[in-house]
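First listed ligand is number 1; within each ligand, the first listed atom is number 1. Keep in mind that the numbers below use all heavy atoms, side chains included, and drop hydrogens, waters and symmetry copies.
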Amino acid sequence: MNTVTSHLELRSVSKTYVNGADSVRGISFGAAQGEFVVLVGPSGCGKSTTLRMIAGLEEITGGDIFIAGKRVNDLHPKDRDVAMVFQNYALYPHLTVYENIAFPLTIRKTDKATVDREVRAATELLAITKHLDRKPKELSGGERQRVALGRAIVRKPQVFLFDEPLSNLDAALRTEMRVELKALQRRLGTTMVYVTHDQTEAMTMGDKIVVMNKGQIEQTATPRAIYDEPATAFVARFLGAPTINMIAGTVDAATKTFSSNGFSVDLSELGAKAGGEVILGVRPEHLRPGRVQTADAHSIVGEVELVERLGSATYCHIGCAFAERGRLALTLRPDDDVPNIGDRIAVVPTSRGLHLFDAASGLRIL
Ligand code: ADP
């Protein structure tokens, strides 16, 4: 057996529920001491099941889980030294904030002075000291979330596990808590595994992102690598807003030229390895507007269908029958002219930022 090198390590972990559903199919990843790992993917891809298996709330049907070098497969949840924070906070309604946070220590029969010290340290860290005597129903969503965090913190676990902890908060508070949680993790230095379906949370919080799809891992990498070098077409589509533009076509093995419906891109400088059926991916920021009058085979001309002004950025969507979803999105730069709906414009991909995927396997070629 290979030695365990990560603080938390999953090796070929699988879960088949009694009804026969293969929810998690042999996944492996690790989290270093103090690392913030985000599990992201569409609903039903197996994120929560994975987290619950780490916590011990769900039995695993294959593989091994190690925490701090110890195989925990057969350990009871309370003996795994992990603390889980849920989406619905799971606070005790009849207990005060103080009692809720103290709870994990009280049931361990920790002495009163220690409980008091730990609760106060946690509540100061979370800026909720003034609410110690309130009941959960007298708190806002954000405050309840902090109490749930406090209850996890006092346990001083090896690993924190978060299951979509921000999904019940409104947009502004989500953004605020995202920053707070990340700062908290830096201060505590505790290893964290965080489940979300929200790509912004994944990109901004994770030291490392694990992208899951249908019970398997598509890619494990830093947010930057996930975005700049997606390993599969699925990963490319899942992260990034507006969604990456995808155009199905062929690469001529001799000329190293991608072509689709009269549109072509020279890939020779990029060292495209193979010919055949491919999907070309271009993120909206790597499409530039051009003049229709001078448009050639290296540009696509289309009609503007929608202009989205977000304040900080403007996105333009143009119709293109041979692109995925029937349109292309491009990000306008501050000094670009903003076209009107119905205008015909040309778009040209920049030479950097082109992605090529095998059409059959979806695997990255470039
Ligand atoms: P995610 O968290 O990514 O939304 P889940 O881990 O909750 O996904 O679920 C993964 C798959 O396992 C889904 O197809 C889901 O229907 C199934 N599943 C989850 N929990 C159970 C269960 N207790 N019994 C049977 N199937 C389940």
Pairs of nitrogen or oxygen atoms closer than 3.5 Å, one from Glu58 and one from ligand 1: do any exist? no
If we count only non-hydrogen protein atoms and require a distance under 4.0 Å, does atom 15 (C) of ligand 1 qualify as touching the protein? no
In terms of the angle between their ring planes, are Phe162 and Phe160 parallel, tilted or perpendicular, with boundaries placed at 30° and 60°? tilted
Any non-hydrogen atom of Gly215 lying under 4.0 Å from ligand 1? no
Minimum non-hydrogen distance to atom 13 (C) of ligand 1, winning option of Cys45, Ser48, Gly44: Gly44
May I ask you to establish whether Lys15 and Tyr17 are in a cation-pi arrangement, using a distance under 6.0 Å from NZ or CZ to the six-membered ring centre and at most 45° from the ring axis? yes
Look at the side chain of Asn73 and the backbone N and O of Gly63, then say whether any donor-acceptor pair between them is shorter than 3.5 Å. yes
How does Asn19 reach ligand 1, if at all, at less than 4.0 Å between non-hydrogen atoms: by side chain, backbone, both, or neither? side chain
Pair Asp252 + Lys256: basic N to acidic O under 4.0 Å: no
Quick note on ligand 1: atoms under 4.0 Å from a heavy atom of Lys47 include exactly 1 (P), 2 (O), 3 (O), 4 (O), 6 (O), 8 (O)
Does the pair Arg155/Glu118 count as a salt bridge with the N-to-O cut at 4.0 Å? no
Atom 26 (N) of ligand 1 has as its nearest protein heavy atom Tyr17 CD1, 3.3 Å
Think Arg283 forms a cation-pi with Tyr227, using NZ or CZ under 6.0 Å from the six-ring centre and within 45 degrees of its axis? yes
Only heavy atoms of Pro42, strictly under 4.0 Å: list the atoms of ligand 1 that pass. 3 (O)
Taking the minimum heavy-atom distance to atom 8 (O) of ligand 1, which of Gly41, Gly46, Ser23 ranks first? Gly46
Just need the protein heavy atom nearest to atom 6 (O) of ligand 1, so name the residue and atom and give the distance. Thr49 OG1, 2.5 Å
Less than 3.5 Å apart, any donor N or O on the side chain of Thr350 or His286 sitting next to an acceptor on the other? no
